[in-house]
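Every chain is numbered from 1, with letters handed out A, B, ... down the list of sequences.
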2 protein chains.
Amino acid sequence: MQVPKQRSGPKQILGDLEGEVLECVWQRGPVSVREVHSHLAARREIAYTTVMTVMSRLAEKGLLQRRPEGRAFIYSASMPRDEYWTEVVKNFLDGVLQGANRPLLSHFVESLAADDAAQLDLLADIIEEKRRKRACS
Amino acid sequence: MQVPKQRSGPKQILGDLEGEVLECVWQRGPVSVREVHSHLAARREIAYTTVMTVMSRLAEKGLLQRRPEGRAFIYSASMPRDEYWTEVVKNFLDGVLQGANRPLLSHFVESLAADDAAQLDLLADIIEEKRRKRACS
DNA sequence: GACTATCTACTACATGACGTAGTACTATGC
DNA sequence: GCATAGTACTACGTCATGTAGTAGATAGTC
């Protein structure tokens, strides 16, 4: 039995191409449509106007900002990658962590430790802090 | 600037009605379409066949299982709520926690503590465990 | 000026997911 | 036979996303 797959990375709550575009803007921005298109087209065929439409829609959604420069628009991300992800995770966790159980927390810690053991230490520090703060109130 | 809203609860990766149906099956299952329909219809107008379709689709997706009983089907959830949520969160976090940073972790801990301070202790325990395990290897 | 390249605005289509729900058919009970 | 109950089948609308062509305007080059 397969649980429906959550998408990962910036694609989380965006379409695949949207996520790819956003990632590109984070890495290279401020950028024009042409630049993003060049970058994407290096790997596959995609029409210029497809890229342009997606960027325009992302701007409508507020994830990208744009300013005119000559005849073109220059796009930048509306928030840094870290900030975006913090918000995404925040929203997700706020809805889910009520009644978190041990297997869930266990998995969370494992995911963290798998990447970088320093994260575990960081998390432990944060928790100590919070518990200290709690003990004082 | 508003980050697109993540949906919360069982609705996370399902539609609204799908999530509601799944929740109903968890609470009352094994159930027939009629029972789920009665429960949902208590609060608003909804056609029997709408409920039936949604349940049928959830079964196709593998989230519900069904067995014939007389002319009807009896539906059950394919996995318990906890298990489902663990999987959902697992998939989400696996894609996101690479390069987790301090603000993100801070928020995570805060979300946890806001609900139930016991969770913080539980998490601290789990971390200690993992760090001990790490120190032994 | 003509031509070419570049860019956006405008437009449109397809697909899939989801919610919605009626109709037809069948089986069962009275 | 009639009424009820249940599924199969069917269909439609909306929305999000990916896809991309065309038209028109602008700028640069010859």
Side-chain angles (χ1 to χ4, degrees), chain A residues 2-25 30-41 43-75 88, chain B residues 2-25 30-41 43-75 88:
Chain A
Q2 178 77 339
V3 178
K5 201 73 187 167
Q6 271 280 20
R7 294 186 287 187
S8 58
K11 299 161 189 171
Q12 193 61 30
I13 56 168
L14 297 172
D16 288 336
L17 185 52
E18 289 181 311
E20 217 170 329
V21 166
L22 188 55
E23 189 61 47
C24 190
V25 174
V31 281
S32 64
V33 174
R34 192 179 55 77
E35 284 166 278
V36 175
H37 175 253
S38 293
H39 178 250
L40 296 182
R43 288 208 278 176
R44 72 188 175 290
E45 236 181 270
I46 185 166
Y48 173 92
T49 49
T50 300
V51 177
M52 186 190 67
T53 299
V54 168
M55 290 176 80
S56 181
R57 283 180 187 164
L58 283 173
E60 274 166 31
K61 289 181 183 178
L63 293 178
L64 294 185
Q65 297 188 335
R66 65 188 191 181
R67 62 169 208 266
E69 184 174 288
R71 291 173 301 158
F73 285 120
I74 299 297
Y75 288 84
V88 168
Chain B
Q2 176 77 343
V3 178
K5 199 76 187 164
Q6 271 281 17
R7 292 187 290 187
S8 60
K11 300 162 191 172
Q12 193 62 30
I13 58 167
L14 297 173
D16 288 337
L17 186 52
E18 288 179 314
E20 215 170 334
V21 167
L22 188 55
E23 189 62 48
C24 190
V25 175
V31 281
S32 65
V33 173
R34 193 178 54 77
E35 285 167 277
V36 174
H37 175 254
S38 295
H39 177 253
L40 296 183
R43 284 208 279 182
R44 73 187 178 283
E45 235 179 273
I46 185 166
Y48 175 91
T49 48
T50 299
V51 176
M52 188 190 64
T53 300
V54 169
M55 290 176 80
S56 183
R57 283 183 188 162
L58 283 173
E60 274 167 31
K61 286 181 182 178
L63 294 178
L64 293 185
Q65 298 188 335
R66 66 188 190 184
R67 65 172 204 264
E69 183 174 289
R71 292 175 297 159
F73 286 119
I74 299 297
Y75 287 85
V88 167

Side chains of B:Glu35 and B:Ser32, donor plus acceptor under 3.5 Å
yes

Under the salt bridge (Lys or Arg N to Asp or Glu O under 4.0 Å) test, which residues partner A:Glu69, sequence neighbours left out?
A:Arg67

Using the test salt bridge (Lys or Arg N to Asp or Glu O under 4.0 Å), find all partners of A:Arg43 that sit at least two apart in sequence or belong to another chain.
none

Side chain to side chain, A:Ser56 and A:Arg66, heavy atoms closer than 4.5 Å:
yes

Once you round it to whole Å, what is the distance between [atom2] of [N] and [atom1] of [X]?
X	N	atom1	atom2	answer
A:Leu22	D:dG18	CG	P	12 Å
A:Glu60	D:dA16	CD	C1'	13 Å
B:Arg67	D:dG6	CZ	C1'	16 Å
B:Asp16	D:dT14	CG	P	18 Å
A:Tyr75	C:dT8	OH	P	6 Å
A:Leu14	D:dC15	CG	C1'	16 Å
B:Leu40	C:dC18	CG	P	17 Å
B:Leu17	D:dC15	CG	P	17 Å

Going by side chain to side chain contact (heavy atoms under 4.5 Å, CB included), name the residues that satisfy it together with [X], two or more places apart in sequence or in a different chain.
X	result
A:Ala72	none
A:Thr53	A:Arg57
B:Tyr48	B:Val33, B:Arg34, B:His37, B:Met52

Any chance you could list the contact pattern along nucleotides 21-30 of chain C? Use B for base contacts, S for sugar-phosphate-only contacts and - for none, protein heavy atoms under 4.0 Å, 5' to 3'.
BBB---B---

So A:Phe73, base contact, sugar-phosphate only, or nothing? Heavy-atom distance under 4.0 Å.
sugar-phosphate

Just to confirm, is there a sub-4.0 Å distance from OP1 or OP2 of D:dT17 to any side-chain nitrogen or oxygen of A:Lys61?
yes

Phosphate oxygens OP1/OP2 of C:dT8: is one of them under 4.0 Å from a side-chain N or O of A:Tyr48?
yes

